[in-house]
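Below is one structure, written out as structure tokens, with a few remarks after it.
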Amino acid sequence: MTPPKIFDLIIIGGGINGTGIALEAALRGLAVILVEKEDIGHATSTWNTRLIHGGLRYLEYLEFGLVRESLRERERLLHNAPHLVQPLTFRVPLFEHSKRGPLLIKAGMVLYDFLSYDKTMPNHQMNYLSSTILKENPFLQSEGLHGMATYQDCQLTWPERLCMELALTAKSRGATIMTHTELTGLTDATSDTITVRTMDRITGEVQSISGRYLVNAGGPWVDHVLGLVDQNVDRKMGVTKGSHLVIRRFQNGPEDAFYMEARADGRPFFLIPWRDYYLVGTTDLFFDGDLDDITVSEAEIEYLLNELTFFFPTHGFTKEDILYTYSGVRPLPYEPEAKKASQVTRRHIIYEHTQAHGHQRMLSIIGGKLTTYRNLAEETIDVVQRRLDKPVTESPSRDFPLLGAENVKNWPIYFEQKSRLSANRFRLSLDVARHLVHFYGSQADKVTALTEDHHELAQQIHPHYPDIVAQVIYGIQNEQARSLSDIMLRRTSLGTHAGLGLECLDRVVELAAPLLDWDADEQRQQKRDYQNWVEKHHLMANLKPA
Ligand SMILES: Cc1cc2nc3c(=O)[nH]c(=O)nc-3n(C[C@H](O)[C@H](O)[C@H](O)COP(=O)(O)OP(=O)(O)OC[C@H]3O[C@@H](n4cnc5c(N)ncnc54)[C@H](O)[C@@H]3O)c2cc1C
């Protein structure tokens with residue numbers, strides 16, 4: 001009998017940090033396994049503002065190192081994942097009532113440019129002529145307006161897809177990725193290995209996994225994971241909740257993102273174009289509740305709608321404008337002294353457990369941002385290699401295109417040419433072809449190839465949305481989709497549209513059932529699970545009780 005495999009590294013958590021670390025480990029030749037209790041990128045790494053940004057506001061807290069790190073990683077992502085990360089223009093209107101005056105904003109902009117001296121995007125601009133600002137932006141509040149700064153950051157349309165691509169790229173380099181598999185406890189810890197118990201939440205199968213080192217990348221659940229493997233550690237996480245509203249684009253509304261100072265509390269307030277919608281956010285509130293049950297509160301909705309109505313007075317927003325809301329929690333370091341949630345550092349900490357804390361073969365990731373995941377992964381694997389008594393090798397991920405960026409030289413040209421070619425060759429509408437190239441990058445070829453001999457697979461799943469039947473097949477066969485939610489939310493974009501995909505559940509279940517062996521009972525259960533999830537997490541204005 002062959003002895004059970006001992007991995008070099010076990011990673012708990014398949015968010016941006018866990019998947020980023022898995023890729024870094026696989027690229028540096030470590031035998032790595034990632035264990036995720038639900039699906040890749042299903043948690044905090046989806047429910048955020050979807051920006052790859054330097055973090056202009058961190059300058060106020062003198063976090064120059066973090067801003068520089070973020071701006072450097074932003075530039076890397078523009079090269080390594082250009083299909084998912086794209087430049088976005090931000091406008092910062094200056095008002096007389098703002099706490100931060102024009103001089104401070106100008107200084108911040110100059111510093112932001114300085115810290116991104118090696119960027120490929122243009123520097124900021126200032127405009128102090130309110131008449132021209134209002135002419136170009138007639139939807140904007142005119143009261144007290146006396147200037148506007150314009151600068152560039154980036155948007156990550158689908159952070160969940162970035163997590164998927166990191167996991168898939170890691171897998172293509174030998175990593176083992178286990179989804180719907182929860183760490184449930186510690187079996188054994190010796191001076192050489194750590195063995196954990198896991199349970200497959202779909203099949204119920206229990207397994208033991210042994211490794212030489214373990215990384216706890218449980219995001220907001222870091223303390224919970226620690227409770228399962230090491231009860232001697234103090235609280236590490238101090239999470240804060242942030243909520244967003246998704247609204248339809250309003251008539252003659254902005255094409256660029258707007259970044260304002262909220263009147264109520266001086267916090268950053270965003271209106272961001274996102275596909276056919278605007279994201280309105282966000283809040284930042286200490287959170288001590290159930291991490292599996294995070295929803296927006298009435299007070300948060302009121303706060304966001306009030307700010308929106310003030311800054312964009314031409315529309316007159318009400319709750320009826322909200323298509324849905326979503327909330328996430330920022331996995332931040334526990335800082336009992338912090339008075340305000342926004343004061344807690346956004347820097348990450350790589351916490352190495354010591355023998356005194358129960359284990360010397362383990363570290364926990366505390367904090368971090370989407371933007372800086374790669375650098376965090378690089379630092380983590382440096383530690384892991386050291387702790388495994390291996391030479392610390394140079395990070396290969398700095399200049400490493402993800403799967404969808406392979407063979408892409410100049411994204412805007414590639415995007416247009418590829419979309420047109422696919423539309424012609426596979427008889428797709430140009431909108432559908434563009435969606436596929438944006439969603440999968442150069443991997444879109446593998447999805448469209450499925451339609452070559454089966455043109456019925458090129459059909460849109462729902463006439464209003466660009467996702468096609470082949471994506472369901474591809475998601476199950478090539479991207480480890482195992483549940484209806486996996487397909488709705490992360491192998492297609494159906495579940496992130498206005499109706500959260502509820503209008504196409506039957507169709508998707510019909511397509512998935514034969515491939516996932518779902519009998520009639522299981523099909524009903526999958527639909528119920530998805531509907532329950534929607535009800536629990538997405539407050540839809542129109543479905544909400546009065
Ligand atoms: C409102 C908001 C806005 C934000 N906006 C931005 C932004 O615009 N730009 C930016 O750069 N950052 C942003 N962030 C921060 C960023 O989203 C997070 O820092 C990042 O996603 C955290 O990733 P993670 O991998 O640590 O956690 P997660 O994505 O939460 O992943 C942790 C994973 O661990 C899994 N897990 C937990 N327990 C177990 C277990 N027992 N067994 C197996 N798996 C387990 C969970 O299922 C989960 O998938 C924002 C965050 C919030 C909340």
Side-chain angles (χ1 to χ4, degrees), residues 10-22 33-55 57-58 66 69-70 73-74 77 85 88 153-156 159-160 162-163 166-167 178-186 196-201 209 214-229 237 239-244 257 268 270 272 274 279 281-285 287 291-292 294 296 300 325-333 341 346-348 364-374 376-377 380 490:
I10 304 171
I11 299 169
I12 308 302
I16 193 80
N17 287 326
T19 53
I21 294 166
I33 182 165
L34 183 149
V35 176
E36 163 54 52
K37 74 180 166 105
E38 294 197 26
D39 188 26
I40 296 300
H42 80 102
T44 327
S45 299
T46 294
W47 306 121
N48 50 62
T49 313
R50 298 167 183 267
L51 298 177
I52 295 298
H53 63 150
R57 79 172 188 87
Y58 309 142
L66 173 62
E69 176 195 355
S70 305
E73 291 302 322
R74 182 185 74 178
L77 270 165
V85 177
L88 180 65
D153 248 321
C154 288
Q155 183 166 51
L156 173 60
E160 50 278 55
L162 178 58
C163 298
L166 288 167
M178 295 178 74
T179 58
H180 297 277
T181 304
E182 182 169 9
L183 170 101
T184 53
L186 179 75
V196 291
R197 197 173 45 250
T198 62
M199 190 187 66
D200 186 309
R201 291 170 60 157
I209 301 174
L214 183 139
V215 168
N216 171 7
W221 290 268
V222 155
D223 284 335
H224 183 252
V225 170
L226 281 177
L228 294 169
V229 292
M237 307 305 297
V239 303
T240 74
K241 179 168 74 151
S243 296
H244 291 83
F270 290 109
I272 299 175
W274 178 60
L279 293 185
T282 171
T283 53
D284 199 359
L285 305 160
F287 182 79
L291 292 172
D292 289 301
I294 307 160
V296 73
E300 287 179 282
T325 68
Y326 67 81
S327 306
V329 289
R330 302 172 182 87
L332 305 177
R346 265 49 175 174
R347 256 175 299 140
H348 59 254
S364 292
I365 303 296
I366 296 153
K369 301 164 59 188
L370 291 170
T371 310
T372 48
Y373 82 84
R374 197 214 57 81
L376 181 150
T380 303
R490 292 167 292 272

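Note: hydrogens, waters and symmetry copies are ignored here, and every other heavy atom, side chains too, is used. On a predicted model such as this, the values are computed, not experimentally measured, just so you know. Atoms within each ligand, like the ligands themselves, are counted from 1 in listed order.
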Considering only heavy atoms of [X], which atoms of ligand 1 have at least one such atom less than 4.0 Å away?
{"X": "His42", "answer": "46 (C), 47 (O), 48 (C), 49 (O)"}
{"X": "Glu182", "answer": "41 (N), 42 (N)"}
{"X": "Pro220", "answer": "30 (O)"}
{"X": "Gly328", "answer": "53 (C)"}
{"X": "Gly242", "answer": "1 (C)"}
{"X": "Val35", "answer": "43 (C), 44 (N)"}
{"X": "Gly13", "answer": "33 (C), 34 (O), 35 (C), 44 (N)"}

For the 3.5 Å polar cut-off, considering only N or O atoms, please tell me whether [X] and ligand 1 meet it.
{"X": "Thr371", "answer": "yes"}
{"X": "Asn17", "answer": "yes"}
{"X": "Lys37", "answer": "yes"}
{"X": "Ser45", "answer": "yes"}
{"X": "Thr49", "answer": "yes"}

Problem set entry | Side-chain ion pair, Lys241 and Glu300, N-O less than 4.0 Å | yes

Part of [X] within contact of ligand 1 (heavy atoms, under 4.0 Å):
{"X": "Pro331", "value": "side chain"}
{"X": "Leu156", "value": "neither"}
{"X": "Ile12", "value": "side chain"}

Which option, [options], owns the non-hydrogen atom nearest [atom]?
{"atom": "atom 47 (O) of ligand 1", "options": "His180, Lys369, Met199, Glu36", "result": "Glu36"}
{"atom": "atom 40 (C) of ligand 1", "options": "Leu183, Ile272, Ile294", "result": "Leu183"}
{"atom": "atom 50 (C) of ligand 1", "options": "Asn48, Thr240, Val229", "result": "Asn48"}

For this session: Check whether the side chains of Thr371 and His53 place a donor and an acceptor atom closer than 3.5 Å, and report yes or no.
Result: no

Exercise. For ligand 1, is Thr181 a contact, meaning one of its heavy atoms is under 4.0 Å away?
Worked result: yes

For this session: Would you check whether Lys241 reaches within less than 4.0 Å of ligand 1, judged by its heavy atoms?
Result: no

